[in-house]
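Structure, as structure tokens:
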Amino acid sequence: MPHKLEREATHAGSWYTNVPSTLDSQLESWLKAVPDEIEGVGRLPVPGARIIIAPHAGYSYSGPPAAWAYKSLDVLRAKRVFILGPSHHHFFEACAVSTFTKYATPLGSLIVDKETNESLLQSRAFTTMGPGVDQDEHSIEMHLPYVYKVLERHFGKGKNFPKIVPILVGSIDARQEKEYGRLLRPYLDDPENCFVISSDFCHWGTRFSYTYYIPNSGPENRGQVVGHTLRQANCPQQPTDPPIWSSIERLDKLAIESIETGRHKDFTEYLQKTRNTICGRHPIGVVMGALEVEEGQEPKGKFIFVRYEQSSKCFTLRDSSVSYASAFAVVA
């Protein structure tokens, strides 16, 4: 029996409100809270900023920082929006497109670009995600209300919005990231396409099996950073030089630095050294691969990060937190 053609907003009512008026008001307030002009960046949206990185946690956490990315996004010429999210629950080693024709949000539905899906599938590198996998995953869905809101702001309510191309990115390696980037490059080169990369940053704490710590005594250089895993045996006291939350921030800022270089290799080497639990590392790697025409040459665009937050401050091994970072890239 064929599945329904429209994907339900399965996380509405839990991860974010399912009341349209409340959701619209929240999105509007978060976008308004972002300044109209950012020092060193200029007025928002940034002309030509067709790519963003934004978080995907519950809106009480990710809503405010994500607004910084979405207010930077330039949809002036958009005819389609690619949304790349990591797979949290389903293990596979590829990239997958949706079999749904529409994605529901409490604000309204977004139409999937079936023609682009078919073109990607013809490459034989892309596969499809089953309806259950699609509806279980939150990394793409959490961006849909923001996408809808930003498109509505520009195109008007009830107008013909650009279509969306949701892509679920599995557990791929660095070589695959660059290969998928090569396949997506023609779409990225097209000024009528926007790209949304879904990613949270460091997931720190024993519940995430990640307690990496960088002491202040270590070198400052990104390539020489020396840290270690905190365990009860080697951390009987509360670390103070620096506090754990400050070490996490430094860890994330080093990731941000590696992404802002525009060099895929820099980000890959950073991840190999720190194993930072950036859940959208593969979607980020795919788009960095697409931007980098040839290794050693200047990429077609570089990310600029405009916001960084943590869900809470960690002081001891009993604590945990998730980091959120927002960025945009102008494509040459």
Side-chain angles (χ1 to χ4, degrees), residues 38 40-41 51-57 62 65-66 68-69 86 173-174 177-178 197-206 208-231 234-235 239-289 291-292 295-296 298-299 301-315 317 319-329:
I38 299 176
V41 170
I51 310 173
I52 61 171
I53 298 172
H56 56 235
S62 74
W68 288 73
D173 58 26
E177 288 174 359
K178 298 196 77 169
I197 305 169
S198 177
S199 182
D200 296 336
F201 272 62
C202 184
H203 297 62
W204 198 95
T206 55
F208 298 117
S209 300
Y210 188 76
T211 53
Y212 195 79
Y213 178 78
I214 305 173
N216 277 338
S217 57
E220 291 295 322
N221 185 281
R222 185 181 67 249
Q224 298 176 334
V225 64
V226 177
H228 59 271
T229 296
L230 294 181
R231 299 183 178 88
N234 67 9
C235 183
T240 58
D241 190 26
I244 291 174
W245 66 266
S246 181
S247 169
I248 296 169
E249 181 173 348
R250 184 179 174 204
L251 182 65
D252 282 326
K253 293 296 177 67
L254 291 172
I256 287 169
E257 284 179 20
S258 70
I259 294 169
E260 287 185 330
T261 68
R263 293 186 291 269
H264 181 268
K265 183 180 179 183
D266 286 7
F267 185 47
T268 300
E269 289 179 347
Y270 163 83
L271 291 170
Q272 289 173 342
K273 184 177 290 290
T274 65
R275 302 294 176 184
N276 193 354
T277 47
I278 301 171
C279 56
R281 57 193 176 276
H282 297 309
I284 293 171
V286 167
V287 175
M288 289 187 73
L291 287 168
E292 191 176 54
E295 192 169 315
E298 278 297 299
K302 291 183 179 180
F303 285 102
I304 296 174
F305 280 78
V306 291
R307 190 66 174 176
Y308 175 79
E309 298 182 11
Q310 293 176 0
S311 62
S312 59
K313 287 190 174 183
C314 293
F315 293 93
L317 273 173
D319 300 329
S320 64
S321 72
V322 180
S323 305
Y324 312 114
S326 290
F328 70 85

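This is a predicted model, so every value here is computed, not measured. Values below: every heavy atom of this structure, side chains too, minus hydrogens, waters and symmetry copies.
By the side chain to side chain contact (heavy atoms under 4.5 Å, CB included) test, Thr277 pairs with Cys202, His203, Tyr210, sequence neighbours left out. Take Arg307 and apply the salt bridge (charged side-chain N to carboxylate O under 4.0 Å, His left out) test, not counting sequence neighbours, and it matches Glu309. The side-chain hydrogen bond (donor to acceptor under 3.5 Å, both in side chains) search around Lys313 returns none, not counting sequence neighbours. Every residue two or more places apart in sequence or in another chain that forms a side chain to side chain contact (heavy atoms under 4.5 Å, CB included) with Glu298 is listed here: Lys302. Ala325 meets the side chain to side chain contact (heavy atoms under 4.5 Å, CB included) test with Phe201, Ile256, Phe305, Tyr308; sequence neighbours excluded. Scanning for ring pair (Phe, Tyr, Trp, His ring centres under 6.0 Å) contacts around Tyr213 gives His228, with sequence neighbours left out. Residues that satisfy the ring pair (Phe, Tyr, Trp, His ring centres under 6.0 Å) test with His56, not counting sequence neighbours, are His88, His138. Residues satisfying the side-chain hydrogen bond (donor to acceptor under 3.5 Å, both in side chains) criterion with Ser320, sequence neighbours excluded, are Arg207. With sequence neighbours left out, the side chain to side chain contact (heavy atoms under 4.5 Å, CB included) criterion links Ser246 to Pro242, Pro243.
Residues Thr274 and Leu254 are not in side-chain contact: their nearest non-hydrogen atoms beyond the backbone lie 4.5 Å or more apart. For the pair Ile53/Ile284, a side-chain contact is recorded, criterion being any heavy-atom separation below 4.5 Å from C-beta on. At a threshold of 4.5 Å between non-hydrogen side-chain atoms, the residues Ile259 and Tyr270 do not count as touching. With a 4.5 Å cut-off on side-chain heavy atoms, Pro215 and Asp241 do not count as touching. No side-chain heavy atom of Gln310 sits under 4.5 Å from any side-chain heavy atom of Trp204. Two residues are said to be in side-chain contact when any heavy atoms from C-beta on lie closer than 4.5 Å; Tyr212 and Asn276 fail this criterion. A heavy-atom distance below 4.5 Å is not found between the side chains of Ile52 and Ile197. Taking 4.5 Å as the limit, every side-chain heavy atom of Ile51 sits out of range of all side-chain heavy atoms of Phe328.
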Assess whether side-chain contact (heavy atoms from CB on, under 4.5 Å) is satisfied between Val322 and Phe208, documenting all intermediate values. CA-CA 10 Å; Val322 180; Phe208 298 117; 3.8 Å; yes
Please test Ile248 against Ser321 for side-chain contact (heavy atoms from CB on, under 4.5 Å), starting from the C-alpha separation and ending with a verdict. CA-CA 9 Å; Ile248 296 169; Ser321 72; 3.8 Å; yes
Under the side-chain contact (heavy atoms from CB on, under 4.5 Å) criterion, do Leu271 and Lys273 qualify, and how do the steps go? CA-CA 5 Å; Leu271 291 170; Lys273 184 177 290 290; over 6 Å; no
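The shortest heavy-atom contact between Leu317 and Thr211 is CD2-CG2, 3.8 Å. The minimum heavy-atom distance between Ala327 and Ala69, with the atom names listed, is O-CB, 4.0 Å. The minimum heavy-atom distance between Pro86 and Ser198, with the atom names listed, is CD-O, 3.2 Å. Looking at every heavy atom in both residues, Leu291 comes nearest to Gly301 through CD1-O, 3.5 Å. Scanning both residues, Pro65 and Ser326, for their nearest heavy atoms gives O-OG, 2.6 Å. The two residues Ser258 and Asp266 make their nearest non-hydrogen contact at CB-O, 3.8 Å.
The distance from the CE atom of Met288 to the CZ atom of Arg281 is 15.0 Å, given to the nearest 0.5 Å.
Checked for salt-bridge contact, Glu249 and Lys253 meet the test: a charged N lies under 4.0 Å from a carboxylate O. Under a 4.0 Å N-O distance rule, the pair Lys178/Glu292 qualifies as a salt bridge.
Counting only distance, with no hydrogens or angles, the side chain of Ser247 and the backbone of Ile214 share a donor-acceptor pair below 3.5 Å.
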